J.: 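Once you've had a glance at the structure underneath, I'll fire off some questions.
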Amino acid sequence: MKKLIKGGTIVTAADMYQADVLIENGIVTAIGTAFDETGVEVISADGLYVFPGGIDPHTHLDMPFGGTTTKDDFRTGTKAAAFGGTTTVIDFCLTTKGRPLKEAVETWHEKARGKASIDYSFHLMISEINDDVLEELPQVIEEEGITSLKVFMAYKNVFQADDSTLFRTMVTAREHGALVMVHAENGDVIEYLTNEALAAGNTDPIYHALTRPAELEGEATGRAAYLTALADSQLYVVHVTCAEAVKQIAAARQKGYRVFGETCPQYLLLDQSYLEKPDFEGAKYVWSPPLREKWNQEELWNALKSGQLQTIGSDQCSFDFKGQKELGRGDFSKIPNGGPIIEDRFSLLYSEGVCKGRITLNQFVDMISTQSAKLFGLFPKKGTIAVGCDADIVLFDPKVERTISAKTHHMAADYNPFEGMKVTGEPVSVLSRGNFVVKDKQFVGSSGSGQFIKRNKFLR
Ligand SMILES: NC(=O)NCCC(=O)O
Ligand SMILES: [Zn+2]
Ligand SMILES: [Zn+2]
């Protein structure tokens, strides 16, 4: 049956206007007014914004990490994402040295299949470059539509790749139309500082931040940018946290390098002092790179506003406080890194960004959806509302107020890092390819209805 979203205000990265949206077979087929409503399901959007569905370019669902596995999997994670206004996630597929890439991709398909209630895609982690990888990689990019490759410059002896691997990934990405993503921190120096701190008996969560100073993020970001230029490739820096890294990205872009950056709500809104909370509560705020001194937040907002940073990812990587974060009691280096953010990414950016006058409504849509669609080969199928697009749509009440809490969130993790924070604005209903996933704040989707999306190559 056709659906008509009627009476709302459509907001895209470029426009804002009152019109109705006609949906047929999961696709937007017309935008206008005075449609014939015979045989059409009419959905009232009076007083609501009609946004393109959020695209979260950075999630870790069902991921083994830090001696445990993330609490949210594709079932709970995508359901929570939908409640929060996100209709597509791009998750990181981990690979194992010496094993075929396709085996890793199949493992990730198995994790998502039958569980995801919204659409999804994968980035592929590159941990080594050898003849086997070079033979397989073009097929993964072209046949699987996995057009972004992730290299970790940190997590020594776990995920970290060396500069040779990074550079050869960049060259391969240029040849085959992929976007290289980096976690930019100097893992070798972090290892040294961590060992020093632990040897001195400094084991509390705050030492996680103190052993990963901003200089090490700035240095790795600059190094990755220079290598990108040398390889004539393209780079996306994930979870940018600080002025040092922003400076490197802005300088690279000024030189005309193809360098892009993402930040996350936690870096815009929380700071290093949270790691000093008593009773080991600081462990809830352990991310890598770490939360920074508060003054960095304004630098990040300014970088978003001025276009030096393009996207907002959640870096969803959730662990319970009880039993998981607690693995690091007595040794901060054993605290699993990450937190539950997938559900609140959209509302936090709207409330703290738009409502507080830091960004415009169009910029909000650009950062939460459109830019990720463009950079990761989903546009114009996703990332906007126009004739021919997937009907991934969020009906958003801009006035309602609510308080974030683990008691009411839909993520599986037992805490919320934004507990008690009041936000303005909330998704009321969310459609994925024309089907309700959330209707009047109730989940009506089904696990397994989300589709794997093959993505286009990076457009230079
Ligand atoms: N960011 C973080 O602390 N956890 C997830 C893994 C990563 O993105 O580095
Ligand atoms: Zn990372
Ligand atoms: Zn991450």
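For ligands, and for the atoms within them, numbers begin at 1 and follow the listed sequence. As the structure is a prediction and not an experimental result, all values here were calculated from the model. These numbers come from the heavy atoms of this one structure, side chains and all, not from hydrogens, waters or symmetry mates.
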J.: What's the shortest distance from atom 3 (O) of ligand 1 to any protein heavy atom, and which residue and atom give it?
T.: Ser288 N, 2.8 Å

J.: Going by heavy atoms, is Met63 under 4.0 Å from ligand 1?
T.: no

J.: Given side chains that start at C-beta, do those of Phe364 and Val11 come closer than 4.5 Å, heavy atoms only?
T.: no

J.: Tell me, which N, O or S atom in Asp315 is closest to the Zn ion (ligand 3)?
T.: OD1

J.: Of all N, O or S atoms in His183, identify the one at the shortest distance from the Zn ion (ligand 2).
T.: ND1

J.: Quick one: OH on Tyr207 to CG on Leu210, what's the gap to the nearest 0.5 Å?
T.: 6.5 Å

J.: Quick one: look up the protein heavy atom nearest atom 9 (O) of ligand 1 and list residue, atom name and how far away it is.
T.: Tyr155 OH, 2.6 Å

J.: For Ser314, does its backbone N or O pair with a side-chain atom of Asp56 as donor and acceptor, under 3.5 Å?
T.: yes

J.: Applying side chain to side chain donor-acceptor pair (under 3.5 Å) between Asn416 and each of Lys284, His409, Lys407, Glu343, report the one that passes.
T.: His409

J.: Pick one: which of Arg455, Glu144, Gln451, Lys382 meets side chain to side chain donor-acceptor pair (under 3.5 Å) with Ser121?
T.: Arg455

J.: Tell me which N, O or S atom of His60 sits nearest to the Zn ion (ligand 3).
T.: NE2

J.: Hey, which atoms in ligand 1 end up nearer than 4.0 Å to a heavy atom of Cys317?
T.: 4 (N), 5 (C)

J.: Below 2.8 Å, any N, O or S contact between His58 and the Zn ion (ligand 3)?
T.: yes

J.: For the pair His239 and Tyr267, name the ring-plane relationship: parallel under 30°, tilted 30 to 60°, perpendicular over 60°.
T.: perpendicular

J.: Please write down residue, atom name and distance for the protein heavy atom closest to atom 1 (N) of ligand 1.
T.: Asp315 OD2, 2.6 Å

J.: Does the N or O separation between Trp287 and ligand 1 drop below 3.5 Å for any pair?
T.: no

J.: Which residue supplies the protein heavy atom nearest to atom 4 (N) of ligand 1, what is that atom called, and how far is it?
T.: Asn337 O, 3.2 Å

